[in-house]
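Taking it in order: structure first as structure tokens, then the write-up.
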Protein chains: 2
Amino acid sequence: MADVGAIAGVTSRTVSNVLSGKVAVSPETQAAVLRAVDQLGYRMNTAAKHLRTGRTGSITLALPDLSVDYFSQLAGAVAREADRHGWAVTLEQTNYERQRELQVLLGQGKHLSDGLIIQPYALQDDDIEILAAKQPCVLLGDHAPGLPVDHITMANADAAQCATQHLLNIGRRRIAAVGVNSSGGPHTAETLRLRGYEAALEAAGMLTDPELLAEARRWRLQDGAAAVEGLLSRGVHFDALFCFNDSLALGALHVLSQHGVAVPDDVAVVGFDDIAVSAYSNPPLTTINPGGTGIAAAAVQALSRRLAQGPSEAAVGVVQDFHLVLRSSA
Amino acid sequence: MADVGAIAGVTSRTVSNVLSGKVAVSPETQAAVLRAVDQLGYRMNTAAKHLRTGRTGSITLALPDLSVDYFSQLAGAVAREADRHGWAVTLEQTNYERQRELQVLLGQGKHLSDGLIIQPYALQDDDIEILAAKQPCVLLGDHAPGLPVDHITMANADAAQCATQHLLNIGRRRIAAVGVNSSGGPHTAETLRLRGYEAALEAAGMLTDPELLAEARRWRLQDGAAAVEGLLSRGVHFDALFCFNDSLALGALHVLSQHGVAVPDDVAVVGFDDIAVSAYSNPPLTTINPGGTGIAAAAVQALSRRLAQGPSEAAVGVVQDFHLVLRSSA
DNA sequence: TTCTCTCATTTCATCGTCGAAATCCTGTGC
DNA sequence: GCACAGGATTTCGACGATGAAATGAGAGAA
């Protein structure tokens, strides 16, 4: 910076003023400085700026696994949105591990950042409440209502109820739920989607048949396939599947097709997430669109607000709108 | 750090020594310092360290679009691998834009990092050769042989030839190529895959029928769908599709199914990339597995080597092994 | 002419860490 | 008893930027 100043005939401080634009500088000086900057190909040192100001200009995005479509699409949307706010995005894959989530929340990641957007998986709300105070933080996914941390979520239970309701509306009565995981906490996506499913049945005056709850600890393609294989091999009778996400549903679709089960004639299938491939599966998947880009935008915006306002302001909880996307599978 | 030292009864410098572990420190002092660190919950300031040492501890990963499966899976693998090397990963989405790619290569991103792993799309090799000198850099994707920059690639032409050969082997003679883009440079994946396709035909004593080249400027699901729609609406006769990536193939599969075309009986389909969903499509997609995790690992490793050795060492070019994954679509 | 006011620019110190070199300390050999 | 080796610890400065406050230079008023 001093070098630039030397060429432009001013001090390093004036160069700083020109580049930051926060202090008035005469037009001639400005031009001279900019010329010198250009001539030397000077670029500001981020680390020094960070050290002096305490702001890094980057945020951390922590997700369980980038190779899951929902998360990668979310990551893409967050990156785009962060870019609009002038932030760089540093990525942390937590691999669904409690340990990694703790590290990230405690800010012990390898790289400091101004704030954190995290989708916790293994951590409980109690932990989070304590830990999130360490740094500006926005949570994705479901949490206890009233949690004093900014969080963006979708109406999981309502959406699940809507999806199940749709299956009921088209005359299905033996609707299996795929993705049940008995080890979930009270505010996980799993529990809430299951709750929505049950609520829809109950509203129709039906009881939940435990036989129709297909377990899947993880929600990948192979888990959906395995769950439906299980259903079939146990000889469970069902005429519809409500899958807790699209990957499960695509895995299910695959297995049904392998077994010669017609979709939607024999079995109707509804998914959840509306990932890109779902529109192009055979048959195209009816699913819940949870407004992922909206969630990304809301998250970045919430973080931005938090950084501007400081930790004192009340936490916001945004619930993103969803809608049912009707395609051919149900 | 000084505070920690005060509690432990030593200087900040000794604390630094303990934490870095590079200078000998007596066991008692070490214990005392660690206790103090723990007590204060002290964490080192990354920015200061960066400023002093010139190393950020993070690398930049620049990809066109995270919502493309191949890229997101690559990103996941790179993140995992970088983690093993103790690096944080900063993400840049270039959106296939020349401008963004330039910025990143010039190191004008918002955040400095020790090195760059980039999959260029719009930039030519000539540009890259000049620009990559600005910082340690590993290229992904295809480039002119002998390009003096570290690069990891796959045998695109060979793999495409292998895929096409397979279609010939199973008796197909009217094989359409999906994903052709006449505006590609000489060393893009598109050109190489097309070349492999043509080579296979030629080896079988056949000519390329221009009618069978289905254009697709981008390689997303909808582009594959549109390309095949075009083929069908033009009344082109074909008994196989070689799609330049899996998304195109899945889009194609979708359209074929919509039109009641049986796969593989009427039309065999081969893809390229072996993304996760391809194993679960209907029918499951035969495709080329380009060894994505291998590419990620090789990229991180190459960057690591480059950082250790400095810019003087000769550039390495790694060609990752591929293999044909036989499933039901061909 | 002198004084005040304002805008532009500079001076100075500082953020937290680590490289280099100086200093301290303890034990050893003669 | 003394010089000396060698490990442990400290001192000192610098990395490159910026906040706060001081300085300089004109414009206008008294």
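In what follows, chains are A, B, ... by sequence order, proteins preceding strands, each numbered from 1.
The distance from the CE atom of Met1(B) to the OG1 atom of Thr14(B) is 10.0 Å, given to the nearest 0.5 Å. Atom OG1 of Thr60(B) and atom CD of Gln135(B) lie 7.0 Å apart (nearest 0.5 Å).
Without hydrogens or angle criteria, Asn45(B) side chain to Ala47(B) main chain gives a donor-acceptor distance under 3.5 Å. A distance-only check finds a donor-acceptor pair linking the side chain of Asp114(A) to the backbone of Thr56(A) [under 3.5 Å]. Remark: the backbone N or O of Ser16(A) is paired with a side-chain donor or acceptor of Ser20(A) at under 3.5 angstrom.
The CZ-P distance, from Arg52(A) to dA20(D), rounds to 8 Å in whole Å. One can place CG of Asn45(B) at 14 Å from C1' of dG16(D), the figure rounded to the nearest angstrom. If you measure from atom CG of Leu51(B) to atom P of dC15(D), you get 9 Å, rounded to the nearest angstrom.
With a heavy-atom cut-off of 4.0 Å to chain A, the contacted part of DNA chain C has its first and last nucleotide at dA8(C) to dG16(C).
Remark on DNA chain C: of its neighbouring residues Lys22(B) and Ala47(B), the 5'-side contact belongs to Ala47(B), judged by nearest-heavy-atom nucleotide.
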Under-3.5 Å N/O pairs linking protein and nucleotides 9-12 of chain D:
| from | atom 1 | to | atom 2 | distance (Å) |
| --- | --- | --- | --- | --- |
| dT9(D) | OP1 | Ser26(B) | OG | 3.2 |
| dT9(D) | OP1 | Thr29(B) | OG1 | 2.4 |
| dT9(D) | OP2 | Ser26(B) | N | 3.1 |
| dT10(D) | OP1 | Thr11(B) | OG1 | 3.2 |
| dT10(D) | OP2 | Thr11(B) | N | 3.1 |
| dT10(D) | OP2 | Thr11(B) | OG1 | 2.7 |
| dT10(D) | OP2 | Thr14(B) | OG1 | 2.3 |
| dT10(D) | O5' | Thr11(B) | OG1 | 2.6 |

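The residues Arg220(A) and Asp65(A) are annotated as not salt-bridged, no charged nitrogen and carboxylate oxygen being separated by less than 4.0 angstrom.
Scanning for salt bridge (charged side-chain N to carboxylate O under 4.0 Å, His left out) contacts around Arg13(B) gives an empty result, with sequence neighbours left out.
For the residue pair Thr90(B)/Thr90(A), the side-chain donor-acceptor check at 3.5 Å is satisfied.
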